[in-house]
Amino acid sequence: MDYAWLSVLLGTVLWPQGAQSLQNGLALTPPMGWLHWERFLCETNCERNPKNCISEQLFMDMADKMVSEGWLDAGYQYLCIDDCWLAPERDEKNRLQADPVRFPGGIKKLADYVHSRGLLLGIYEDVGSKTCEGFPGSQGYYDIDAQTFAEWGVDLLKFDGCYYGTLDKLEDGYRQMSMALNRTGRKIVLSCEWPLYERGIKKINYSEVAEYCNSWRNFGDITDSWGSVKAVMDLSSAVQEEIVPVAGPGSWNDPDMLVIGNFGLSWNQQVTQMALWSIMAAPLMMSNDLRDIPAESKALLQDKNVISINQDPLGAQGYRVFKADYFEVWERPLIKGSLAVAVTNRNEIGGPRNFLLSLSLLWEDRVCQNSCFITQLLPSFQKYGHLNDTSLLSLWINPSGTILLRID
Ligand SMILES: *[C@@H]1O[C@H](CO)[C@@H](O)[C@H](O)[C@H]1NC(C)=O
Ligand SMILES: *[C@@H]1O[C@H](CO)[C@@H](O)[C@H](O)[C@H]1NC(C)=O
Ligand SMILES: *[C@@H]1O[C@H](CO)[C@@H](O)[C@H](O)[C@H]1NC(C)=O
């Protein structure tokens, strides 16, 4: 079935209205990789916790695992350092330097190691005077820092917003760093937190954010809990009319890291995070320990069918279309008129509940008009076959679980 005309039609309603994305040719699909923050935080005591402290050894371990355990092949390419990699002071030429004890080879050597394995390296800084954990910030040093990152061979910058001073300085700092990175000539993905620090204080100009950033956080940090994953779903759907239209190739809303494979989510909740992050066209940045991850979490994170929803080249972000009786239905338009659909059971008591999915509910009743092919991707792969828009699909969904479908 070819529903290409539908995306043209929907384009007038939901697609970016001529929003200009950052012209660096990067992140044409949501960036995928690994980021240390949620799992490893700011552990700087390598004597007490040698395997898990923020050190070059941790990133070399993860680089090795990303290659040997199929993560790179599945698309996870960016290995990203978060806060706490820095020495407490800049050097005599005002350049940033890595902590000399925990990163004895320096970032350049780590970048070379990461690149030699076919991966890309991400690093962290802050638009303000200090990073969130109190290390030197970039304020006043945007050009020097951009140049330093480029010389080291950095490929992505996560740019936080702590200690920004005033909102004018925050905005100016994001613009300046984006332009400074451009002037280095090195292709560096810029992951911002600009809207997160403005939300609730002023109306966010998302077209401008998209002009300077490849992705941006809208809400606070995720934690290893179902409550946190639910909050991201609720916050994202509450402002979907504001944030969905600006997403597209090179410009992504970032609902923060995947916490799959850690301690806080049940199997069904892990399925829900993977399904919804794919529907939301979210950057897939895992924060977990690749040296020790349950086999089922690994299989979920490496599921090629689900990843292909996340990485769909149309780059349209999905949104919630229905919420009632503790069920939520989300849909995401895909290339060539296909559609991804997630149905979540938000009830947290009892057993599997039945949801009769009326296909006429989807895509403003414009899907499956002459029958289409339905495949279930999560929680397990299953073909339902051809259905038309008068069909009802009977789904049994576990508490806090999700069924992810693709409709072609
Ligand atoms: C810098 O910006 C220009 C114009 O937007 C763009 O053509 C160029 O590719 C950018 N360079 C880098 C390295 O991002
Ligand atoms: C938002 O930013 C864009 C691009 O920088 C600008 O043209 C526009 O005037 C801004 N809109 C508002 C309401 O400030
Ligand atoms: C739609 O499917 C139902 C069975 O699910 C079938 O009875 C009906 O004839 C089909 N309608 C069309 C227009 O194909």
Side-chain angles (χ1 to χ4, degrees), residues 11-33 77-80 95-96 107-108 111-112 114-115 119-125 127 138 141-161 164-218 239-254 283 313 315 317:
T12 56
V13 196
L14 290 162
W15 268 220
Q17 309 282 311
Q20 178 90 333
S21 70
L22 175 57
Q23 298 292 296
N24 59 6
L26 298 171
L28 299 181
T29 61
M32 294 175 64
Q77 194 175 19
Y78 288 91
L79 175 62
C80 302
R95 288 173 307 199
L96 293 169
I107 302 298
K108 171 91 175 71
D112 290 346
V114 164
H115 293 153
L119 299 161
L120 298 169
L121 185 71
I123 208 161
Y124 169 99
E125 243 300 353
V127 73
S138 280
Y141 300 99
Y142 300 119
D143 268 299
I144 297 182
D145 292 355
Q147 200 57 47
T148 304
F149 296 145
E151 281 164 15
W152 286 344
V154 164
D155 306 292
L156 178 150
L157 172 62
K158 172 177 172 178
F159 208 40
D160 212 334
Y164 60 79
T166 64
L167 286 185
D168 281 347
K169 281 190 176 169
L170 174 95
E171 295 179 0
D172 188 54
Y174 275 108
R175 291 184 201 108
Q176 282 202 41
M177 183 51 104
S178 181
M179 294 186 292
L181 290 173
N182 179 284
R183 283 193 292 274
T184 68
R186 188 174 174 85
K187 298 274 184 201
I188 300 177
V189 172
L190 181 55
S191 158
C192 298
E193 307 215 8
W194 175 348
L196 157 63
Y197 289 91
E198 287 193 329
R199 182 160 289 285
I201 307 178
K202 66 172 282 191
K203 183 156 168 55
I204 299 157
N205 186 341
Y206 276 100
S207 348
E208 191 185 19
V209 172
E211 230 177 273
Y212 290 99
C213 305
N214 291 118
S215 66
W216 49 84
R217 291 269 306 284
N218 295 305
V239 297
Q240 61 188 15
E241 277 163 30
E242 189 184 4
I243 67 173
V244 167
V246 79
S251 316
W252 309 104
N253 288 289
D254 178 5
Q317 179 174 338

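In each ligand, atom 1 is the first atom listed, and ligand 1 is the first ligand listed. The first residue in the sequence is number 1, and the count goes up from there.
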*asked:* Geometry only, no angles: is Asn205 polar-contacting ligand 2 at N/O separations under 3.5 Å?
replied: yes

Heavy-atom protein contact below 4.0 Å for [atom]:
| atom | answer |
| --- | --- |
| atom 13 (C) of ligand 2 | no |
| atom 7 (O) of ligand 2 | no |
| atom 2 (O) of ligand 2 | yes |

*Between Lys158 and Glu125, is a salt bridge (charged side-chain N to carboxylate O under 4.0 Å, His left out) present by the stated rule, with each step listed?*
CA-CA 6 Å; Lys158 172 177 172 178; Glu125 243 300 353; over 6 Å; no

Answer whether the closest heavy-atom distance between the side chains of [X] and [Y] falls below 4.5 Å.
| X | Y | answer |
| --- | --- | --- |
| Leu22 | Ser178 | yes |
| Arg186 | Asp155 | yes |
| Leu96 | Phe149 | yes |

_Full working for salt bridge (charged side-chain N to carboxylate O under 4.0 Å, His left out) between Lys202 and Glu171_ = CA-CA 12 Å; Lys202 66 172 282 191; Glu171 295 179 0; 2.7 Å; yes

*Does even one non-hydrogen atom of Arg183 get within less than 4.0 Å of ligand 1?*
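Not so, Arg183 does not reach ligand 1.
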
Considering only heavy atoms of [X], which atoms of ligand 1 have at least one such atom less than 4.0 Å away?
| X | answer |
| --- | --- |
| Asn24 | 14 (O) |
| Arg186 | 13 (C) |
| Lys187 | 9 (O) |
| Gly185 | 13 (C) |

*At under 4.0 Å between heavy atoms, which part of Lys203 makes contact with ligand 2: side chain, backbone, both or neither?*
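It is neither part, as no heavy atom is under 4.0 Å.
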
[Y] and [X] side chains, donor-acceptor separation under 3.5 Å:
| X | Y | answer |
| --- | --- | --- |
| Gln176 | Asp172 | yes |
| Asn253 | Tyr206 | no |
| Asn218 | Asp254 | no |

*Just say parallel, tilted or perpendicular for the rings of Tyr142 and Phe159, cut-offs at 30° and 60°.*
perpendicular

*Among all protein heavy atoms, pick out the one at the shortest distance from atom 5 (O) of ligand 2; state its residue, atom name and that distance to 0.1 Å.*
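So the nearest neighbour among protein heavy atoms is Glu211 OE1, 3.4 Å.
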
_Evaluate Asn182 for polar contact with ligand 1, using N/O atom pairs at a separation under 3.5 Å._
yes

*asked:* Only heavy atoms of Glu208, strictly under 4.0 Å: list the atoms of ligand 2 that pass.
replied: 2 (O), 5 (O)

